[in-house]
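Down below is the structure, laid out as structure tokens.
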Amino acid sequence: MSLSRRALIGAGLALAACNRPEASQAQDSGWRPDPRLIENPPSLKSLVRFPVGVAVQAGFLDDPAYAALAGRQFSQLTPEWELKMEYTVLPDGRFRFDRADRIAAFAQARGQRLWGHTLVWYANIPDAFQNLDESRAGFGQAFDNYITAAVGRYRGTASGWDVINEPITDSGGQLRDCLWSRKLGQVDYMRRALDVAHAADPNAPLLINDYDLETKPEKLNAYLRLVDRLLKAGAPLGGLGCQTHISAGLPDGAMAATLGQLAQFGLPIHVSELDVSLVAGRGAPVNRAVAEVRQAQVYRSVVDAFMSLPENQRLGLTLWGLRDTDSWLKREDVSDAPLLFDGSGSPKPAFAAVAGALQGQ
Ligand code: XIL
């Protein structure tokens, strides 16, 4: 892509970050969300053309209140863990997709899309692969078979896939060493996974997906180098996933700067796992009342930055959970409340911030 396009996008996003007086402040900007958006909450998915998603678990869908809220607000569902190898690959090597099928059926019945999360992850090494005492060819065949089975099963249902999840180290800007890289080669396993997934569903955007891109420049730069390397190698990379597990301490310009960097390749971008922690240990203001105000402001800054992308690069915006009580972050700190709806399913100021920003308010 020419520098001029790159410069234009970067400038546009930088401007977006600065077109609000509070942009440079990392503290309370004084802005508050419109309370009418809490009193009379719109359906988020009805406000924009791109998918607004939420991570769900099959078992939650049996709760009528949960199902109604997820169905009303969101247009895409990401299995939080039931389409990962930790569930789908049995110790004897057989596959099971029953729970992902449940989520897919729920989505299809409501005209929602399914997001395929995730095929290959350093953190998910099932026994069946760990114990596979095969040659590289045999291991590779098993690797290919899994990807083909999963992607092929949801061909036409899944709107896209996180093919490689979290390939970059937390520090040092390196590619992670994992069973996949050791058995099949560092970047080779990624290229292979993308090629096999593309063969199984040529129409599905295939992404890499990582976190802390907003707060760790070294990690972002390593991610950008990997994207460049995969594209130059001709890999069928169809988009970039930015997980965006952030805190209420995120400075307002950080997301715009990150998306400005990611946008340089012209690929669609998925803000794929958005939550904004209120916990000081994750970087939020210590004072809870301040953190809650900042949480809404940070949600607004994220959506503003996403809306500043060119329309063809807005692949989707996904929340990593429906209600605060559903959040994975609560396992680490039960006081955390990182999402848009409280435990009773009522919209929070964070919801109003997102709804307002999706409407350009
Ligand atoms: C987490 C889920 O939320 C948990 O329920 C599960 O136990 C572990 O995985 N980045 C990712 C997600 O890509 O798959 C992780 O989800 C959170 C971090």
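Counting convention: from 1, in listed order, for ligands and their atoms alike.
- Inclusion of Gln243 in the set of residues having an N or O under 3.5 Å from an N or O of ligand 1 is warranted.
- The N/O atoms of Glu86, backbone and side chain alike, include none that comes under 3.5 Å of an N/O atom in ligand 1.
- Under the 3.5 Å distance criterion, with hydrogens and angles disregarded, no donor-acceptor pair is assigned to the side chains of Glu166 and Asn209.
- Close approach to Asn165 involves these atoms of ligand 1, each under 4.0 Å from a residue heavy atom: 11 (C), 13 (O).
- Geometric assessment of Lys216 against the ring of Tyr223 yields a negative cation-pi assignment under the 6.0 Å and 45° thresholds.
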Carefully, step by step, assess Thr318 and Glu273 under the rule side-chain hydrogen bond (donor to acceptor under 3.5 Å, both in side chains). CA-CA 6 Å; Thr318 297; Glu273 306 184 14; over 6 Å; no
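- The part of Trp320 lying near ligand 1 is the side chain, judged by heavy-atom distances below 4.0 Å.
- Scanning the protein heavy atoms around atom 3 (O) of ligand 1, the nearest turns out to be Glu80 OE2, 2.6 Å.
- Backbone and side-chain nitrogen or oxygen atoms of Trp328 are examined, and none is located within less than 3.5 angstrom of a nitrogen or oxygen of ligand 1.
- Separation of the Phe129 and Phe139 ring centroids falls under the 6.0 Å cut-off.
- Not a single N or O atom of Asn209, backbone or side chain, sits closer than 3.5 Å to an N or O atom of ligand 1.
- Considering backbone and side-chain N/O of Glu166, one or more are found under 3.5 Å from N/O of ligand 1.
- Cation-pi geometry between Arg331 and Trp320 is not met at under 6.0 angstrom from the ring centre and within 45 degrees of the axis.
- Every N/O-N/O distance between Trp121 and ligand 1 stays at or above 3.5 Å.
- For ligand 1 and His117, the ligand atoms under 4.0 Å from any heavy atom of the residue are 11 (C), 12 (C), 13 (O), 14 (O).
- Between Tyr122 and Trp180, the ring centre distance reaches or exceeds 6.0 Å.
- Relative to atom 14 (O) of ligand 1, the option among Gln57, Lys84, Glu273 with the closest non-hydrogen atom is Lys84.
- Two rings, from His117 and Trp161, have their centers 6.0 Å or more apart.
- The aromatic rings of Tyr87 and Trp81 sit perpendicular to each other, their planes meeting at more than 60°, with 30° as the lower class boundary.
- Residue, atom and distance of the protein heavy atom nearest to atom 6 (C) of ligand 1 are Arg331 NH1, 3.9 Å.
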